[in-house]
Amino acid sequence: MTFFRALTFLAALCALGASPPVHDSGLQIPAWIEGDAPSATPVFHATINGKRAAVTAVRNPSSDQVILLVLDLTGDLARVEPAEQALTSEIGKLPSNAWVGLLRAQDGLHVLADPGPSRKPALDAIQTLTISGKAGLLDTVQSALSIGDAMMRRSPARVAVLYITDSDIANYRDDYTNPVINQSDPHDLSRRFPEALVNEKISALLEPVGTLEPPLYIVHLNYRGDRLNLAYQNGLKTLAEATG
């Protein structure tokens with residue numbers, strides 16, 4: 001998916017991020033409605049542990065929303081600069097009740113601009129962002145979702161986390177490339193399963209990430225076709241599917 005097409009997710013989070021029903025203990029569940037938007041508010045039913053739960057509110061795509069935009073950009077400026085331009089354009093098109101918070105994933109999660117009614121702090125931070133360092137998505141995704149989860153539990157606004165990344169699995173501080181341990185042994189298992197460390201990392205994230213309420217979206221600007229990065233990119237898709 002090209003970033004021009006993928007970055008429409010930013011607007012789609014408002015237009016298509018369908019109504020999250022809320023039961024009496026405050027759990028928010030994103031619900032996606034396929035096809036054209038219905039003319040009337042859909043009717044939702046909820047069941048928890050086999051028992052009917054009350055749906056106390058339904059929020060539609062025009063409801064207040066916070067988008068936590070996390071930039072994980074370290075690579076080719078030829079890809080990053082057009083992506084930043086597209087982000088700037090799409091943020092400017094969002095409705096006034098969609099607040100955008102900007103974070104960076106390098107060397108831990110850092111807040112560059114708090115969500116608020118003014119878009120200027122986020123836009124200025126995008127324009128002055130330094131593209132350097134190591135990939136940080138795997139190291140920060142749980143923290144980013146935890147922030148969003150805390151916001152959802154304290155606010156009626158819808159919250160979503162959107163990562164924009166160009167990450168290469170070989171560019172993490174931790175080594176996920178599973179190097180051959182015994183060079184003299186042709187049967188060394190690391191030769192047969194080079195993606196084992198990537199899969200283990202993704203598996204370790206699935207359970208804690210799956211308990212957090214905000215939906216996760218990941219836009220990758222530079223898909224790679226080698227075996228390790230395919231495993232990594234498929235793992236990112238699995239992470240996103242496990243959330244919300």
Side-chain angles (χ1 to χ4, degrees), residues 1-17 61 65-145 147-148 151 157-173 214-225 229 232-233 235-237 239-240 243:
M1 182 183 295
T2 66
F3 60 77
F4 290 112
R5 180 182 172 193
L7 288 179
T8 60
F9 272 122
L10 195 58
L13 290 179
C14 289
L16 301 178
Q65 182 171 36
V66 174
I67 300 172
L68 297 180
L69 176 60
V70 188
L71 301 182
D72 179 34
L73 303 172
T74 64
D76 185 359
L77 287 176
R79 294 178 182 272
V80 171
E81 289 178 349
E84 291 177 341
Q85 294 171 8
L87 274 176
T88 299
S89 174
E90 292 300 329
I91 289 173
K93 297 175 185 177
L94 294 176
S96 59
N97 65 338
W99 291 9
V100 179
L102 187 68
L103 303 95
R104 182 176 179 177
Q106 276 62 57
D107 297 315
L109 199 62
H110 299 280
V111 177
L112 303 180
D114 290 321
S118 173
R119 305 283 164 75
K120 189 174 187 302
L123 295 176
D124 288 347
I126 290 173
Q127 296 301 317
T128 59
L129 183 70
T130 300
I131 308 303
S132 64
K134 296 288 186 178
L137 190 153
L138 293 180
D139 301 326
T140 61
V141 64
Q142 185 177 346
S143 296
L145 287 167
I147 293 171
M151 296 174 71
R158 298 179 298 148
V159 180
V161 177
L162 171 61
Y163 268 79
I164 308 295
T165 183
D166 59 4
S167 52
D168 183 332
I169 192 58
N171 191 34
Y172 277 86
R173 292 195 182 280
L216 169 67
Y217 304 88
I218 300 174
V219 175
H220 206 297
L221 304 181
N222 189 14
Y223 274 86
R224 299 168 177 88
N229 273 296
Y232 170 57
Q233 289 151 184
L236 297 185
K237 180 180 178 182
L239 276 180
T243 65

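Hydrogens, waters and symmetry mates play no part in the numbers below; they use all other heavy atoms, side chains included.
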All pairs passing salt bridge (charged side-chain N to carboxylate O under 4.0 Å, His left out) where residues 120-143 contributes a residue, at least two apart: Lys120-Asp124

With a 4.5 Å heavy-atom cut-off, do [X] and [Y] have their side chains touching?
X      : Y      : answer
Leu68  : Pro115 : yes
Val141 : Ile218 : no
Leu221 : Leu73  : yes
Thr140 : Leu103 : no
Tyr232 : Leu137 : yes
Asp114 : Trp99  : no
Asp76  : Asp166 : no
Leu71  : Leu87  : yes

Give the minimum heavy-atom separation between [X] and [Y], together with the two atoms involved.
X      : Y      : value
Leu129 : Glu84  : CD2-OE2, 3.9 Å
Val161 : Pro214 : CG2-CB, 4.3 Å
His220 : Leu236 : CD2-CD1, 4.1 Å
Ala125 : Leu102 : CB-CD2, 3.4 Å

Distance in Å, Asn97 CG paired with Arg158 CZ, rounded so as to fall on 0.5 Å steps: 8.0 Å

Spacing of CG belonging to Leu69 relative to CZ belonging to Arg104, to within rounding of 0.5 Å: 13.0 Å

No-hydrogen, no-angle side-chain donor-acceptor test under 3.5 Å, Thr88 and Gln127: yes

Can you tell me if [X] uses its side chain to pair, donor with acceptor, with the backbone of [Y] under 3.5 Å?
X      : Y      : answer
Arg119 : Ile91  : yes
Arg224 : Ser167 : yes
Tyr172 : Leu138 : yes
Asn229 : Ile169 : yes

Which residues share a salt bridge (Lys or Arg N to Asp or Glu O under 4.0 Å) with Asp107, sequence neighbours left out: Arg173

Identified side-chain hydrogen bond (donor to acceptor under 3.5 Å, both in side chains) partner of Gln106 from the options Thr74, Thr130, Asp72: Asp72

